[in-house]
Each structure stands twice: as structure tokens, then as C-alpha cells.
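Note that ligands are numbered from 1 as they come in the structure, with each ligand's atoms numbered from 1 the same way.
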Amino acid sequence: MIKINETCIGKEEIEAVEEVLKSGIITEKSGMGPRVLEFERGYTKYVGAKHAVAVSSGTAALHAALLAADVGPEDEVIVPSFTFSATANAVLMTGAKPIFADIDKDTYCIKCESVEGLLTRKTKAILAVDIYGLPVELDPIIEIAHQHDAVVIEDAAQSHGAMYKGRITGSVADITCFSFYAAKNMTTGEGGMVTTNDDDYASAVRMIRTHGEERPYWVTRLGANYRMTEVEAAMGFVQLQKLPSFLEKRRRNAEMMTQQLSTSGKLILPREPEGTKHSWYLYTVRLRGANAGKRNKIVERLQSKGIAAPVYYETPVHLQPLYRESFGGKKRVLPETEKAARQVFSLPIHPKVAPEDVSYIAENVKKVTA
Ligand SMILES: Cc1ncc(COP(=O)(O)O)c(C=O)c1O
């Protein structure tokens, strides 16, 4: 089976982890052990932001970022529904209410016009997601958010190394959150990072990741244990050095896939709008005019040929039981989101996919959609 994503771990990661294990410092109670500090410095430099704060997961990064922006009960946070549930769950965990916006039909990212219609006096933040690794069109979102005194948090769990108008993801929004889960473009197994140019947000996230302590055993705000271990940070630092080569391979595969699928009239292929650079976390195609049943049959046929072709995201968040029941979510309130959920599926382009695999995948996709 050609998997949708695979970890790329080499002897360098193994050696780095072994060194940490032998050093005796496997984690640090402030979250600022030597390996974490080294990884944070490297990440700051890579994305071009003033601060990077390592945490235990992408979900922890989102929750900590929202808490740092003082999001809480009575507040509203505008989020896309076409995303992984963690984006909206993090909002719920603060006690605030997620308000679901629709997506742009070409990029699948949150649509600024949809956001505009949802802004109220209660809007405290806009949480925009770089879905599939494509950076969301941030400038207009930042503009309307700041006009309304709202914070822009970018969920960049899928977009390490992507670019928006010449800047690497992580230096553009007020706060950016990354995930290093095993399937991501770079990994620490589980892990996350918050980046920002704002000193106050950075120091708040540092406190939040260690129980809200201003100094040891002195709690001045709500926090949790969201620390990254030294083992994870050592692995992350090595992965960060390898990230450019991982991204290059993903790009090569994505370009090959597009070239080979471009003759199919049945598919809408992913694009990179002007001014953006995709991280190619997922290569997601859309079956023109299809319903979910037809799309699912194609996915099954590809699977029987040994090609993983999963659907992200078959059930948008506003239609998940938790949200449907708690927020009275009903069908057809987000037409572009619900349509995309019926028509998309993703194809493997990760660094371990060889050029001949791309040809095999493209050939079979053309056959089963013909
Ligand atoms: C868009 C998005 N947001 C948030 C997360 C949560 O990250 P994690 O799994 O590291 O908690 C993920 C990934 O899993 C994601 O894809």
C-alpha cells in the first residue's frame, strides 16, 4: 500500500535522541531544557519570527495561543469547518464559541467574505487554517480582524515551510500554531510550536505551557502541562534541518502528479494561487460534479490497487455530533464546505513516494475516474 503519509526518520534522529537519553535530562520542568531552547532558536530563525515556543502538540499550541490572546467564555472565534476537529475543539476548551465560516471553493481555506458576515462585538479571534498545506489568504483577514480588535491565529499544523507573499508561514499572523504529529511534514512524534512577533503573547504561551507559572510554583494565570520533552526537541531540531529536502521532494511529486493528471477532465487539481507557496502536505483533488457515493467508490477502487486515497474531511466540524448537538449545526449552512466534503480525496506525494509511484498513482486515478 502506498500510504498517504510516512515518517522519514534516519540515523541522525536516532543519534540525537540517544544522546538526550544518555544525558539524563529527558525533560525540564520549565519547558526550557537545552534541546527545547535549541529547537526554538532554530525554528525562530527558519520562519523569521521573533519568538518560537515549543509545546506538546498542535492542539496544545492552539489552546495556548487562544488563552494567550485572552479568549474565554462570552467570546466568539471565527473558524473554518473544513478542517481537523482540533481547530474548533481548542476554541471550545477556552469556553468561547466557535463560529463557522465557509471556504473558498478553489483553495478550500476560510473565505474572507464569509468571515466578514460573521464578525460581531463578541469576535475575539479569527482562527484561519492553512488547509492541506496551502497558506490562507491572510492580508484581508488580518485587515478586517484588526479593524474589529480581533486577533488572527493561523493554524499552520499542515503548512511547515509554506510561503505567503514571500514570507514563511509563522511570521505573518499575530500568532501561528504548528503540529509535529507523526504524519506531518516534519515530526517529533507528538509536538507543536507557537510562533509570534509579539513579546506579550510569547511570554503568555511560555507561562501557559507550565501551569501558568510566572516563576516556579507561582501561578498567575490558567495553564496546563503543555511542555515538549527534550527527546522530542532533539528529534525536531534534526527534522528541521531536513525539512527543505522533504519539501522539495513533495513539490517534485506534486508537480509530476499535476502534469500527469492534467489530461483528465474529471478532476479539479490543487493550485498555488499567486503569492503563495504550498507545503504540499496533502495533494487533494476534486471529482467534478460528484456526490459522496461516487467519490467513495473511486477511493475504494484506488485502495484495492494499493493506493491510499483518504478523504479529508468527510464530515465537516459543524456536522460532527458534538457540534451538531451543542450548536444546532444543520446541513446546508456552509454550502462550499459541504460540497467539498462530498467531492475531495487526497493522493500520496510524501518524500518516500518515488517518481515511478507517482506515475502508477496517476495512471490508476485516470483509469478509475475515466
Ligand atoms: C489543521 C489541524 N489543526 C490542528 C491539528 C492538531 O495537531 P496535533 O495532532 O499535533 O494536536 C492538526 C493535526 O493533527 C491539523 O491537521
Min side-chain heavy-atom separation V151-Y201 under 4.5 Å: yes
State the atoms of ligand 1, each with its element, that fall below the 4.0 Å cut-off from a heavy-atom position in F84. 2 (C), 5 (C), 12 (C), 13 (C), 14 (O), 15 (C), 16 (O)
Please could you name the atoms of ligand 1 that T87 approaches to less than 4.0 Å, counting only its heavy atoms? 3 (N)
Quick test: of every protein heavy atom, which one is nearest to atom 16 (O) of ligand 1, and how far off is it to 0.1 Å? Q158 NE2, 2.9 Å
Return the residue, atom name and 0.1 Å-rounded distance of the protein heavy atom closest to atom 15 (C) of ligand 1. A157 CB, 3.4 Å
Salt bridge E18-K22, side-chain N to carboxylate O under 4.0 Å: yes
Salt bridge check, E248 against R252: does any charged N sit closer than 4.0 Å to a carboxylate O? no
Contacting atoms of ligand 1, where contact means under 4.0 angstrom from a heavy atom of A86: 4 (C), 5 (C), 6 (C)
For atom 1 (C) of ligand 1, the option (of N89, D155, T188, T59) bearing the nearest heavy atom: D155
Proximal atoms of ligand 1 relative to S179 (non-hydrogen, under 4.0 Å): 7 (O), 8 (P), 10 (O)
Would you call D70-R221 a salt bridge at under 4.0 Å N-O? yes
Polar contacts were defined as any N/O atom of the residue lying under 3.5 Å from an N/O atom of the ligand; does this apply to I131 and ligand 1? no
Students should be able to answer this: which protein heavy-atom is nearest to atom 14 (O) of ligand 1, and at what distance? K184 NZ, 3.1 Å
Sub-3.5 Å N/O-N/O distance, T83 and ligand 1: no
Counting from 1, what ligand 1 atoms have a heavy atom of G58 closer than 4.0 Å? 7 (O), 8 (P), 10 (O), 11 (O)
Which atoms form the tightest heavy-atom contact between A309 and L302, and what is the distance? CB-CD1, 3.8 Å
For ligand 1, which is the ligand I care about here, please tell me if Y181 has any N or O atom under 3.5 Å from one of the ligand's N or O atoms. no
With a 4.0 Å cut-off on N to O distance, would you call R35 and E19 a salt bridge? yes
Return the minimal non-hydrogen interatomic distance between D102 and E336, and the atom names on each side. OD2-N, 3.0 Å
With a 4.5 Å heavy-atom cut-off, do Q239 and E13 have their side chains touching? yes
